[in-house]
Structures are given as C-alpha cells and as structure tokens.
2 protein chains.
Amino acid sequence: MVREPLGEEAAAELARMFKALSDPVRLRLLSLIASYEGGEACVCDLTGPFDVSQPTISHHLKVLREAGLVGSERRGTWVYYWVLPAALAKLSALLQAGAVPAGAVPAGAGAVPAEAGA
Amino acid sequence: MVREPLGEEAAAELARMFKALSDPVRLRLLSLIASYEGGEACVCDLTGPFDVSQPTISHHLKVLREAGLVGSERRGTWVYYWVLPAALAKLSALLQAGAVPAGAVPAGAGAVPAEAGA
DNA sequence: GGCCTGTTTTGATGGATGTCTATGCAGTCT
DNA sequence: AGACTGCATAGACATCCATCAAAACAGGCC
C-alpha cells in the first residue's frame, strides 16, 4: 500500500471486500461466526442475536460470501458458514502496511521509501 | 474478534471506518497519501491521478477525515493530508484476529474447507 | 404423499451515497 | 485593493443499499 499507489483494479477488488465489512450487522455476523466453536456456525445460530429479520440475515451472509470473506455449505437441514482466513489476512496486511507510512520505517523492515515513483 | 462477538456499538464504529474504505477512489487516495514522501500529500497532488472532479476528491477526503483515518492541516495556500496509523492498525488487528480463528480448532472437524461451497 | 422447519429468493420502499456543476472561502501575488 | 489559485461547500440527480413481508425452495419426518 505504501510502496506503490494501489492500481485501479486492485482498489476496486479491495473496495468490494471492505464494502462487505461496512455494515454493523455483517461485522457482527463475521465475528459471531469466527467466535463459534470450530470456526463455523449455522444460520439458525446467527438469527437470534440480531434485531433484523431472518431474510435480512440471509442477505448479509450472501454479501459476505460473494465478497469472498466466508464460505458456506449445506449439511442436511442446516447451512453452515465459516470465515475464510486468507481473505481477512489479505486485508489485514494491506492496512498494516498503510499503518507504517513511508519514511518511518526502521532498519530491517525493508520498505525503503526512496522513490515511490511507480 | 474471535474472543467475543463484537458488541453493537463497537461494530457500528468499526463499520463506519470500513465504510470509508469501501470506495475504490478513497482506497487509492489513502494509499497515495501513504506512499508520498513524508507520509503526507497536498490536495493538489491528489486530484491528478483520478478521473473524477476536484470537488469529488474533496468530498472523499472529508469522508476519510471524518472516519478518523486521515488528518489534515492547512499550510499557507495548500492543505495537506496524512494517514493516521493508529486507525489503520486498529482495523488491521481486528482482521488479523478474525484470520486466526479459534486456535482451539479440533483436529479434522474445524479444518476450514477453504473451497467447499459458495 | 403431505406437512413442517430451515434457508433463500423476490419485489417493494425509504434512505444513504457518489458524482457533477456552480458557488464560496482562504491565501498569495502584483 | 484586485485578481488569481487552491480547496471546500451547496444543491441536484441518479444509483445503490438495508430492510421487510411474502413466496419459493430444500430436506426431514409423519
């Protein structure tokens, strides 16, 4: 993020993922899923804690799934959701890079600012 | 994030920050600012690389500022913007936590299927 | 088969958002 | 002072989004 100014395509893809995180209900859903034992939860576990209707929860889960942040699978009657760690790690790394701005990099970190030209 | 399901208030605040990141132009603005030498850039440096009008850039910068992601200051003729590392670090840490879910994943059971569904 | 529960999809609606043009405000320079 | 540049604000408009009620779909059970 600091090394080069983030091209249009990359920004568009990342923006889609961040947009999926830009709703309080979806954030809580994600953390709720992640905090469940085994790292997965069925929809029936997720509808309770919220004030919104069950179809709305289903909609939010779809948004998270299409953003590549969670995976889902049907097992018999119930549908289970789990977090996809790689996606979160990707976003985390991006923000981490932005949190260590150019020029403030101590020796060894590798990100020499010098010329951010490209 | 994994430890506890993220309360309503915390989720609302975080969602506001993520929402600020949910636009491609704002993401590129942020990375552009971060990649500038000294970690700051004036608006005149930021309007060029985009296809949108200057007022639109100004609007996006305002959104980033109100989300607490960047700071700004007027110096004579120009206004400078810089990234607020603490904010990005906060979000990064949250996602990092979600990316390393429940270390107590039982053997076999929780092993995230990674590509199972969708 | 028929019903019942769990989940998704559809259609509608009020509100938020990104973008523009036009205008206003703040400093600088002659 | 007046004019000119850099940036922000105001208003307008089209689009997107979160939400709900209703209906459709899927699987299990009698």
Side-chain angles (χ1 to χ4, degrees), chain A residues 6 8-9 11-30 32-33 36 40-67 69-82, chain B residues 6 8-9 11-30 32-33 36 40-82 116-118:
Chain A
L6 203 60
E8 294 187 31
E9 296 179 18
E13 181 190 346
L14 291 165
R16 264 185 284 117
M17 303 180 82
F18 281 124
K19 180 168 290 184
L21 296 173
S22 70
D23 184 278
V25 173
R26 286 197 289 269
L27 271 183
R28 291 175 61 200
L29 274 174
L30 201 65
L32 202 53
I33 294 171
Y36 253 74
E40 60 180 26
C42 90
V43 178
C44 59
D45 294 323
L46 302 174
T47 52
F50 298 93
D51 291 335
V52 300
S53 66
Q54 184 273 326
T56 298
I57 295 294
S58 188
H59 161 70
H60 284 308
L61 288 171
K62 183 180 183 180
V63 172
L64 288 172
R65 178 158 31 89
E66 291 183 341
L69 298 177
V70 303
S72 69
E73 183 189 11
R74 175 161 216 130
R75 286 184 213 139
T77 303
W78 298 280
V79 176
Y80 289 84
Y81 282 79
W82 57 86
Chain B
L6 203 59
E8 293 187 32
E9 296 179 19
E13 182 189 347
L14 291 166
R16 266 184 275 124
M17 304 181 82
F18 280 124
K19 181 170 292 184
L21 296 174
S22 70
D23 183 278
V25 173
R26 285 198 290 268
L27 270 184
R28 291 175 62 202
L29 274 174
L30 200 66
L32 202 53
I33 293 171
Y36 255 74
E40 61 180 25
C42 90
V43 179
C44 59
D45 295 323
L46 302 174
T47 52
F50 298 93
D51 292 335
V52 300
S53 67
Q54 178 271 322
T56 298
I57 294 294
S58 189
H59 162 70
H60 283 308
L61 288 172
K62 183 179 183 180
V63 171
L64 288 172
R65 180 159 30 90
E66 292 184 339
L69 298 177
V70 303
S72 69
E73 183 188 10
R74 173 163 217 131
R75 286 187 212 135
T77 303
W78 298 281
V79 176
Y80 289 84
Y81 282 79
W82 58 87

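Here is the naming used below: chain letters follow the sequence lines, and residue numbers restart at 1 for every chain.
As judged by a 4.0 angstrom heavy-atom cut-off over every strand, B:R65 is placed among residues making no nucleic acid contact. At the heavy-atom level, B:R75 lies nowhere under 4.0 Å from the strands shown.
Proximity of B:Y81 to the phosphate of D:dG6: no side-chain N or O atom is located under 4.0 Å from OP1 or OP2. The phosphate of C:dC25 (OP1 or OP2) has no side-chain N or O of B:R74 nearer than 4.0 angstrom. The phosphate of C:dT17 has OP1 or OP2 within less than 4.0 Å of a side-chain N or O from B:K19.
Distance CG (A:D51) to P (D:dT19): 10 Å, rounded to an integer number of Å. Atom CD of A:E73 and atom C1' of D:dG27 are 15 Å apart (whole Å). Atom CG in B:L29 sits roughly 13 Å away from atom P in D:dC7 (whole-Å rounding). Atom P of nucleotide D:dT19 and atom CD of A:Q54 are separated by 14 Å, given to the nearest angstrom. D:dA18 atom C1' lies 11 Å from atom CD1 of A:I57, rounded to whole Å. For the pair B:F50 CZ and C:dT19 C1', the interatomic distance rounds to 15 Å; values are reported in whole Å. Rounded to whole Å, the distance from NE2 on A:H60 to P on C:dT8 is 13 Å. In this structure, OH of A:Y80 is placed 20 Å from P of D:dA26, rounded to the nearest angstrom.
With DNA chain D read from its 5' end, the first of the two nearest nucleotides for B:T47 and A:S53 is the one closest to B:T47.
With hydrogens and angles disregarded, a donor-acceptor distance shorter than 3.5 Å links the side chain of B:S22 to the backbone of B:K19.
Annotation for A:E9: atom CD does not count as buried by contact number, only 12 or fewer foreign heavy atoms lying within 6.0 Å. By the 6.0 Å contact criterion, CH2 on B:W82 is enclosed, its count of non-hydrogen atoms from other residues, nucleotides or ligands being greater than 12.
The nucleotide whose nearest atom lies closest to any side-chain atom of B:D23 is, among C:dG6, D:dT19, C:dG18, C:dG18. Side-chain atoms of A:P55 lie closest to D:dA21 of the nucleotides D:dA21, D:dT19, C:dC20. For A:T56, whose side chain is taken as the heavy atoms from C-beta onward, the closest listed nucleotide among D:dC20, C:dA22, C:dG27 is D:dC20. The side chain of A:K62 approaches C:dT9 more closely than any other nucleotide in the set C:dG27, D:dT19, C:dT9. Closest to the A:V43 side chain, of the nucleotides C:dG18, D:dC7, C:dT8, is C:dT8. Comparing C:dG27, D:dT19, C:dT8 by their closest approach to the side chain of B:T77 singles out C:dG27. For A:H59, taking side-chain heavy atoms from C-beta onward, the closest of the listed nucleotides D:dT19, C:dT8, C:dC20 is D:dT19.
By the 6.0 Å and 45° rule, A:R75 stacks over the aromatic ring of A:Y80.
In terms of heavy-atom proximity, A:R26 sits nearest to A:A20 at NE-O, 2.7 Å. Contact between B:P49 and B:L32 at its shortest, heavy atoms only, is CG-CD2, 3.7 Å.
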